[in-house]
J.: 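Attaching a single structure in structure tokens format; questions to follow.
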Amino acid sequence: MILTLNERNKDFFESVFAVVRLIPAGRVTSYGAIAKYLGTAKSSRMVGWAMNASHQIPGIPAHRVVNRNGMLTGKMHFSNEKEMENLLTTEGIEAVNDVIVQFKLIFWDPTIELAMD
DNA sequence: GTCTTGACGTTTA
DNA sequence: CTAAACGCCAAGA
């Protein structure tokens, strides 16, 4: 179910969680992409903030969300720094030096994959 | 109430 | 090319 955050204020967190949950294994996306999809492209920080709250919610593959540079910026927020990289590796995502390899190829853009019309 | 900080991203210098 | 500033908005102090 595609979320339509028209109000963009109502349940921002919930929307972010929904999108993140839709990210298929082996794929990754960026905070900005999610923010853009939600209509808050300029507030990409809020996405990251929402992700921080996602810790309390199970089923949120936060490890599949990285910054625009493909860098594992949020690894420090996991139980262990290697946790995020480990999870990515398990899903077939290669990450070296805290940076996802072939990031562009496995990049999952909600604005495209979810095909908002 | 104000001020600082922050899982970001884009634009200038 | 790299470094710094700005915008954006929410939460904690």
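Per chain, numbering begins at 1; letters A, B, ... match sequence-line order.
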J.: Please measure how far the P atom in C:dC8 lies from the corresponding atom in B:dG1, and state the result in whole Å.
T.: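 22 Å, rounded to whole Å.
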J.: Taking OH from A:Y37 and C1' from B:dG9, how many angstroms apart are they, rounded to a whole number?
T.: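 Distance, rounded to whole Å: 21 Å.
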J.: For residues A:S30 and A:N67, determine if any side-chain heavy atom of one lies less than 4.5 Å from a side-chain heavy atom of the other.
T.: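 No, every pair of side-chain atoms sits at 4.5 Å or beyond.
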J.: Protein-nucleotides 3-7 of chain C N/O pairs closer than 3.5 Å?
T.:
residue : atom : partner : partner atom : Å
C:dG7   : O6   : A:R45   : NH1          : 3.4
C:dG7   : O6   : A:R45   : NH2          : 3.0

J.: A:E83: what forms a salt bridge (Lys or Arg N to Asp or Glu O under 4.0 Å) with it, not counting sequence neighbours?
T.: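 Not a single residue meets the salt bridge (Lys or Arg N to Asp or Glu O under 4.0 Å) criterion with A:E83.
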J.: Quote, to the nearest angstrom, the C1' distance that separates C:dA3 from B:dA7.
T.: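 After rounding to an integer number of Å, I get 22 Å for this pair.
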J.: If you measure from CG on A:L114 to OH on A:Y37, what distance do you get to the nearest 0.5 Å?
T.: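 Answer rounded to 0.5 Å: 4.5 Å.
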J.: Could you list by number each residue of residues 73-96 of chain A showing a heavy-atom separation from DNA chain B of less than 4.0 Å, or answer none if no residue does?
T.: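 Output list: A:T73, A:G74, A:H77, A:F78.
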J.: Identify the residue among A:L87, A:N86, A:T90 that makes a side chain to side chain contact (heavy atoms under 4.5 Å, CB included) with A:H63.
T.: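 Answer after filtering A:L87, A:N86, A:T90: A:L87.
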J.: Contact list please: residues 59-71 of chain A against DNA chain B, heavy atoms, distance less than 4.0 Å, in numerical order.
T.: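 By residue number: A:A62, A:N67, A:R68.
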J.: Which of residues 23-31 of chain A have a heavy atom under 4.0 Å from DNA chain B?
T.: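 Result for residues 23-31 of chain A: A:S30, A:Y31, sorted by number.
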J.: Could you list the residues that satisfy salt bridge (Lys or Arg N to Asp or Glu O under 4.0 Å) with A:E91, not counting sequence neighbours?
T.: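 Counting only residues at least two positions away or on another chain, A:E91 forms a salt bridge (Lys or Arg N to Asp or Glu O under 4.0 Å) with A:R64.
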J.: Looking at residues at least two apart in the chain, or sitting in another chain, which of them share a side-chain contact (heavy atoms from CB on, under 4.5 Å) with A:A41?
T.: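 Testing A:A41 for side-chain contact (heavy atoms from CB on, under 4.5 Å), a comparison that skips the adjacent residues, returns A:K36.
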J.: Would you mind reading off the distance between A:M46 atom CE and B:dG6 atom C1', rounded to a whole angstrom?
T.: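 After rounding, the reported distance stands at 8 Å.
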J.: For A:N52 and C:dA11, what is the distance between atoms CG and P respectively, to the nearest whole Å?
T.: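 In whole Å, C:dA11 P and A:N52 CG are 11 Å from each other.
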J.: For the pair made of CE in A:M51 and P in C:dA10, what is the distance, rounded to whole Å?
T.: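 That distance rounds to 18 Å.
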J.: Could you tell me which residues satisfy side-chain contact (heavy atoms from CB on, under 4.5 Å) with A:T29, sequence neighbours excluded, listed by chain and number?
T.: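 By the side-chain contact (heavy atoms from CB on, under 4.5 Å) rule, A:T29 matches A:I23, A:A33, A:I34, A:V65, A:F107, A:W108, A:P110.
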J.: With a 3.5 Å cut-off and sequence neighbours excluded, list the donor-acceptor pairs that the side chains of residues 92-99 of chain A form with protein atoms.
T.:
residue : atom : partner : partner atom : Å
A:D98   : OD1  : A:K75   : NZ           : 3.2
A:D98   : OD2  : A:K75   : NZ           : 2.7

J.: Show every donor-acceptor pair shorter than 3.5 Å between a side-chain atom in residues 52-62 of chain A and any protein atom, with sequence neighbours excluded, or say none if there are none.
T.:
residue : atom : partner : partner atom : Å
A:S54   : OG   : A:M51   : O            : 2.3
A:H55   : NE2  : A:H77   : O            : 3.4
A:Q56   : NE2  : A:A53   : O            : 3.2

J.: Do A:F103 and A:R68 have side-chain heavy atoms sitting under 4.5 Å apart?
T.: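 Yes, close enough: below the 4.5 Å cut-off.
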J.: Side-chain contact test, heavy atoms from C-beta onward, threshold under 4.5 Å: evaluate it for A:Y31 versus A:T73 and give yes or no.
T.: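 Heavy-atom side-chain distance check passes, below 4.5 Å.
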J.: Taking the side chain of A:S54 as heavy atoms from C-beta outward, which of B:dG6, B:dA7, C:dA11 is closest to it?
T.: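 Looking only at heavy atoms from C-beta outward on A:S54, the closest nucleotide is B:dA7.
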J.: Nearest to the side chain of A:W49 - C:dA10, B:dA7, C:dC8?
T.: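 Closest of the options to the side chain of A:W49: C:dA10.
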J.: Residues in side-chain contact (heavy atoms from CB on, under 4.5 Å) with A:S43, at least two apart?
T.: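 Testing A:S43 for side-chain contact (heavy atoms from CB on, under 4.5 Å), a comparison that skips the adjacent residues, returns A:T40, A:M46.
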J.: Measure the distance from CG on A:L38 to P on B:dA7 and round it to the nearest whole Å.
T.: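 Answer to the nearest Å: 19 Å.
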J.: Partners of A:D109 by salt bridge (Lys or Arg N to Asp or Glu O under 4.0 Å), sequence neighbours excluded?
T.: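 Per chain and number, A:D109 pairs via salt bridge (Lys or Arg N to Asp or Glu O under 4.0 Å) with no residue.
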J.: To the nearest 0.5 Å, what is the distance between CE on A:M71 and CG on A:N69?
T.: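 Rounded to the nearest 0.5 Å, the CE-CG separation comes to 7.5 Å.
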